[in-house]
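What follows is a set of notes on a single structure, which appears directly below.
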Amino acid sequence: MEEVYLYEPKLLKEIDFSTVENKFKHGISPRNPGENLILRPLSSGDFDRGFLQLLTQLTSVGEVSRAMFEDQFNNMKACKNTYYVTVIEDKETNAVIGAASLVCEEKFIHATGKRGRVEDVVVSSDYRGKQLGKVLVAALTFLGKHVGCYKMSLECSDDMVPFYQQLGYIREQNYMQQRFKN
């Protein structure tokens with residue numbers, strides 16, 4: 001079956017990452033995440049590359065069949081210019097080893113602008129400490145700017161605040177939520 005991407009891979013190639021490349025060590029950057037590693041959009045074949053297993057290192061995923069994955073993938077793809085799930089694949093092992101999501105919300109404010117939210121940032125425990133989380137967040141931040149977001153935001157635990165601050169995010173107060181049981 002032909003590989004389908006959630007969004008056009010050329011979007012990542014169009015981004016000028018030069019202003020962020022100095023924040024990385026050893027030549028690592030969104031353009032070059034490491035030996036045998038590539039940064040790309042989520043693809044229809046990532047069910048078999050361990051995408052869902054990777055997400056279990058972040059939160060509860062539940063039982064997701066191939067059909068459920070494909071339905072969700074197609075639903076997200078149908079929402080044009082909204083979902084930018086981005087992964088890092090290890091080409092040697094054919095496995096997804098990092099992932100993060102940019103969700104763009106259309107607004108009436110800011111002259112019908114877009115607000116970007118970075119969510120679900122996860123790097124496989126086998127690959128942590130190699131700046132791949134920084135690669136993902138930087139890539140999605142620049143991608144958000146590239147697609148016209150007037151603001152980018154994310155939520156994180158207190159211990160992760162310094163990590164996101166080094167990438168230009170500023171801590172603000174008054175985050176509130178309600179959770180519902182499914």
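All residue numbers in this chain count up from 1 along the given sequence.
A cation-pi contact, defined as under 6.0 Å to the ring centre and within 45° of the axis, is absent between Lys134 and Phe163.
Put simply, the side chain of Glu89 never gets that close to the backbone of Leu39: no donor and acceptor are under 3.5 Å apart. A donor-acceptor distance shorter than 3.5 angstrom exists from the side chain of Arg31 to the backbone of Lys13, with no hydrogens or angles considered. When atom types are taken as modelled, the side chain of Lys77 and the backbone of Tyr5 share a donor-acceptor pair closer than 3.5 angstrom. Ser44 contributes a side-chain N or O that, together with a main-chain N or O of Val4, makes up a donor-acceptor pair within less than 3.5 Å.
Between Thr112 and Glu106, the shortest heavy-atom distance links the atoms O-OE1, 4.5 Å. Among all heavy-atom pairs drawn from Ala138 and Leu167, the shortest one is CB-CD2, 4.4 Å. Annotation for Ala100 and Val121: closest pair CB-CG2, 3.8 Å, computed over non-hydrogen atoms. Across all non-hydrogen atoms, the minimal contact from Leu140 to Thr86 is CD2-OG1, 3.2 Å. Of all non-hydrogen atoms in Gly27 and Asn32, the two that sit nearest each other are O-ND2, 3.2 Å.
For Tyr169, the side chain to side chain donor-acceptor pair (under 3.5 Å) partners are Thr141, not counting sequence neighbours. For Ser157, the side chain to side chain donor-acceptor pair (under 3.5 Å) partners are Asp159, not counting sequence neighbours. Under the side chain to side chain donor-acceptor pair (under 3.5 Å) criterion, Arg66 pairs with Asp48, not counting sequence neighbours.
For Tyr7, the OH atom counts as densely surrounded, since its 6.0 Å shell holds more than 12 non-hydrogen atoms of other residues, nucleotides or ligands. Heavy-atom contacts from other residues, nucleotides or ligands closer than 6.0 Å to CD of Glu35 number 12 or fewer.
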List the atom pairs, with distances to 0.1 Å, where a side-chain N or O of residues 51-64 and a protein N or O form a donor-acceptor pair under 3.5 Å, not counting sequence neighbours.
residue: Thr56; atom: OG1; partner: Gln53; partner atom: O; Å: 2.5
residue: Gln57; atom: OE1; partner: Ser125; partner atom: N; Å: 2.8
residue: Gln57; atom: OE1; partner: Arg128; partner atom: NH2; Å: 3.2

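With a 4.5 Å cut-off between side-chain heavy atoms of Ile, Leu, Val, Met, Phe, Trp and Tyr, the cluster of Val161 takes in none. Through ILVMFWY side-chain contacts below 4.5 Å, Ile170 is grouped with nothing and stands alone.
At a threshold of 4.5 Å between non-hydrogen side-chain atoms, the residues Leu37 and Leu132 count as touching. With a 4.5 Å cut-off on side-chain heavy atoms, Leu154 and Glu119 do not count as touching. Counting heavy atoms from C-beta outward, Glu105 and Lys114 have side chains that stay 4.5 Å or more apart. Within the 4.5 Å cutoff, side-chain heavy atoms of Tyr84 are placed close to those of Cys104. With a 4.5 Å cut-off on side-chain heavy atoms, Ser29 and Gln131 do not count as touching. With a 4.5 Å cut-off on side-chain heavy atoms, Ile88 and Lys130 do not count as touching.
When hydrophobic clusters are built by joining Ile, Leu, Val, Met, Phe, Trp and Tyr residues whose side-chain heavy atoms come closer than 4.5 Å, directly or via intermediates, Tyr127 is grouped together with Met160. Residue Val96 is grouped with residue Met68 when hydrophobic side chains (ILVMFWY) are merged at heavy-atom distances under 4.5 angstrom, including chains of intermediate members.
How far CZ of Arg40 is from CG of Leu42: 7.0 Å, rounded to the nearest 0.5 Å.
Remark: Arg49 engages Glu3 in a salt bridge, criterion side-chain N to carboxylate O under 4.0 Å.
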_Please determine whether ring pair (Phe, Tyr, Trp, His ring centres under 6.0 Å) holds for the pair Phe17 and Phe142, giving the CA-CA distance in whole Å, both sets of side-chain angles, and the decisive distance to 0.1 Å._
CA-CA 7 Å; Phe17 291 111; Phe142 277 72; 5.7 Å; yes
